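Just so you know, these numbers use all the heavy atoms, side chains as well, and skip hydrogens, waters and symmetry mates. Note that the coordinates shown come from a computational prediction; the quantities given were computed from them, not determined experimentally. The chains referred to below are lettered A, B, ... by the order of the sequence lines, with proteins before strands, and numbering in each begins at 1.
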There are 2 protein chains.
Amino acid sequence: MKKYVEISNYFRNKIVEGKYKANDKLPSESEVGAKFDASKMTVKKAIDILVDEGIVSKRRGAGTFVKSINPIEMEQMVMANQFRGTTALNPNHDVTSTVHLFETVKSPENVASKLNIAQNAPVYKIERVRNIDGKPVVMETTYMPVAIVPSLSLGDVESSIYDYLEHELKLAISTARRIITVRKATTLESERLSLEPHDPVAVVEQVGFLNNGSAFEYSFSVHRYDEYAFEIILHRKVT
Amino acid sequence: MKKYVEISNYFRNKIVEGKYKANDKLPSESEVGAKFDASKMTVKKAIDILVDEGIVSKRRGAGTFVKSINPIEMEQMVMANQFRGTTALNPNHDVTSTVHLFETVKSPENVASKLNIAQNAPVYKIERVRNIDGKPVVMETTYMPVAIVPSLSLGDVESSIYDYLEHELKLAISTARRIITVRKATTLESERLSLEPHDPVAVVEQVGFLNNGSAFEYSFSVHRYDEYAFEIILHRKVT
DNA sequence: AAGTGGTCTAGACCACATT
DNA sequence: ATGTGGTCTAGACCACTTC
């Protein structure tokens with residue numbers, strides 16, 4: 001176990017359990033270093049993880065303090081800020097896919113631009129509706145370069161594309177760039193999502209990257225308005 | 001100038017200018033260290049900033065590589081992931097406020113819970129519509145504890161509350177927790193935002209925190225569907 | 001003045017990828 | 001085998017807050 005993970009886990013647990021309460025001061029870096037037999041740099045790295053998670057804040061010259069968040073909210077925050085496919089996010093629910101389209105096409109210009117590949121390079125085009133406990137919640141249109149994801153099968157598309165990428169192809173998914181917008185559903189979307197015409201939808205446009213830097217996925221996800229929420233912790237850049 | 005900022009700026013510029021292109025390998029940490037007379041830790045910190053910004057990725061044993069993003073997208077990404085008020089985000093537009101409500105009330109239970117203050121503690125309740133170039137784009141309902149923000153005036157509310165907090169009260173805003181959802185506009189909202197009844201809106205629920213860990217703001221922002229976009233870079237937790 | 005976190009070093013050892 | 005990035009140290013100096 002990495003020492004900085006051990007230290008940050010220790011304090012995260014104490015905070016979530018309520019041993020450290022809102023506005024309490026954590027021990028100083030030197031005290032923590034003595035307790036865990038760790039150097040200053042390691043302690044700093046450990047506590048900076050909690051700062052990134054948004055549960056403590058540091059002030060030079062003063063110390064490190066637990067934020068004013070009540071314990072219930074705190075637990076939710078600790079769960080947040082990961083990115084996963086629909087399947088992984090709903091472990092206690094039955095997630096299925098209805099595949100409406102699965103074909104190989106020449107990459108249109110806008111897709112080629114997002115994936116940074118040559119126009120007309122072959123890409124999969126996949127349209128599917130994801131259902132949670134039988135209810136349609138999101139309609140996804142996904143493009144993936146055939147060069148990066150060879151021999152994708154209908155079976156993979158019906159279950160979990162991410163599982164196929166990670167476990168079969170051993171590709172490592174690292175980051176995603178996501179843009180969230182809102183609009184009215186089209187006729188097709190309202191049919192597939194069991195909505196009224198012109199009901200609101202959340203549109204999530206995403207470009208996914210592997211850890212070698214290649215874009216492997218460009219997708220539009222159209223979410224039912226009553227089944228979408230996105231939570232994020234923002235840090236102000238001071239510059 | 002901090003050395004790690006200098007180094008990360010150097011490489012960010014090279015990448016944005018196209019001197020380093022997609023999938024190019026950056027110099028190794030030791031080479032960069034020699035060039036800038038910096039230690040390994042400092043170089044690592046510098047390059048990790050670019051990883052957080054989503055423009056390069058690192059692979060242990062292999063090196064650091066520029067991501068597959070075309071140069072136009074790259075510039076946009078460098079701007080992203082800050083949090084600012086409406087005023088700061090629209091420097092080239094005329095941002096005004098129409099204040100519909102500005103009063104001091106006893107904190108309701110749900111607000112007290114978000115701000116982690118006592119129920120019935122005095123809070124400002126502010127309802128205002130923000131207009132960009134004269135067009136209403138977002139309706140905000142904001143609660144702020146009177147204890148933290150004494151003597152807030154109508155003038156501040158009409159211009160920029162953040163300016164008042166930072167420049168008059170010298171409070172340092174550090175992070176925010178934001179939850180984005182989608183729904184249909186209420187009658188009141190559609191009137192104030194010049195929308196048709198039941199047009200879609202994006203609802204951004206936000207809790208803002210100061211440097212010292214106190215929550216200073218709990219707000220609901222109801223955005224016109226055609227004037228809202230939110231961009232974020234996500235990093236997969238590997239655990 | 002004392003204590004705090006922020007930056008930085010010059011080294012060490014390790015895990016991993018490439019050749 | 002070599003080179004890469006990841007972790008960690010023991011110490012230094014600095015900027016800032018608090019008393």
Query raised in the report: Among residues 28-40 of chain B, which contact DNA chain D at a heavy-atom distance under 4.0 Å?
Result: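 Close to the strand are S28(B), E29(B), K40(B).
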
Phosphate OP1/OP2 of [N] contacted by [X] side-chain N/O (<4.0 Å):
X      : N       : answer
K2(B)  : dC8(C)  : no
T64(A) : dT4(C)  : no
R59(B) : dT18(C) : yes
Y4(B)  : dC8(C)  : no

Requested in this report: Would you please test K58(B) and D48(B) for salt bridge (charged side-chain N to carboxylate O under 4.0 Å, His left out) and show each step?
Outcome: CA-CA 9 Å; K58(B) 304 211 275 192; D48(B) 280 348; 2.8 Å; yes

Query raised in the report: Are the side chain of K3(B) and the backbone of S39(B) linked by a donor-acceptor contact shorter than 3.5 Å?
Result: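 Answer holds: no.
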
Query raised in the report: So, the side chain of D156(B) versus the backbone of S153(B): is there a donor-acceptor pair under 3.5 Å, distance only?
Result: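 Judged by distance alone, yes, a pair lies under 3.5 Å.
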
**Report entry** Option from E140(A), E158(A), R130(A) for which side-chain hydrogen bond (donor to acceptor under 3.5 Å, both in side chains) with S97(A) holds
**Finding:**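 When E140(A), E158(A), R130(A) are each tested with S97(A), the side-chain hydrogen bond (donor to acceptor under 3.5 Å, both in side chains) holds only for R130(A).
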
Query raised in the report: Do V66(B) and K21(B) have side-chain heavy atoms sitting under 4.5 Å apart?
Result: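 No, their side chains stay 4.5 Å or more apart.
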
Nearest whole Å is fine: how far is [N] [atom2] from [X] [atom1]?
X       : N       : atom1 : atom2 : answer
K3(B)   : dC14(D) : NZ    : P     : 14 Å
D48(B)  : dT7(D)  : CG    : C1'   : 12 Å
K44(B)  : dT7(C)  : NZ    : P     : 14 Å
M1(A)   : dT7(D)  : CE    : P     : 13 Å
K170(B) : dC16(D) : NZ    : P     : 15 Å
I47(B)  : dG6(D)  : CD1   : P     : 10 Å
R60(B)  : dC16(C) : CZ    : P     : 5 Å
K25(B)  : dG3(D)  : NZ    : P     : 12 Å

**Report entry** Partner set under ring pair (Phe, Tyr, Trp, His ring centres under 6.0 Å) for Y218(B), not counting sequence neighbours
**Finding:**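 Y218(B): ring pair (Phe, Tyr, Trp, His ring centres under 6.0 Å) contacts with F220(B).
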
Requested in this report: Any ring-ring contact (aromatic ring centres under 6.0 Å, His included) involving residues 47-70 of chain B? Give me the pairs, sequence neighbours left out, ordered by first then second residue.
Outcome: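 Every pair satisfying ring-ring contact (aromatic ring centres under 6.0 Å, His included) with a residue in residues 47-70 of chain B: there are none.
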
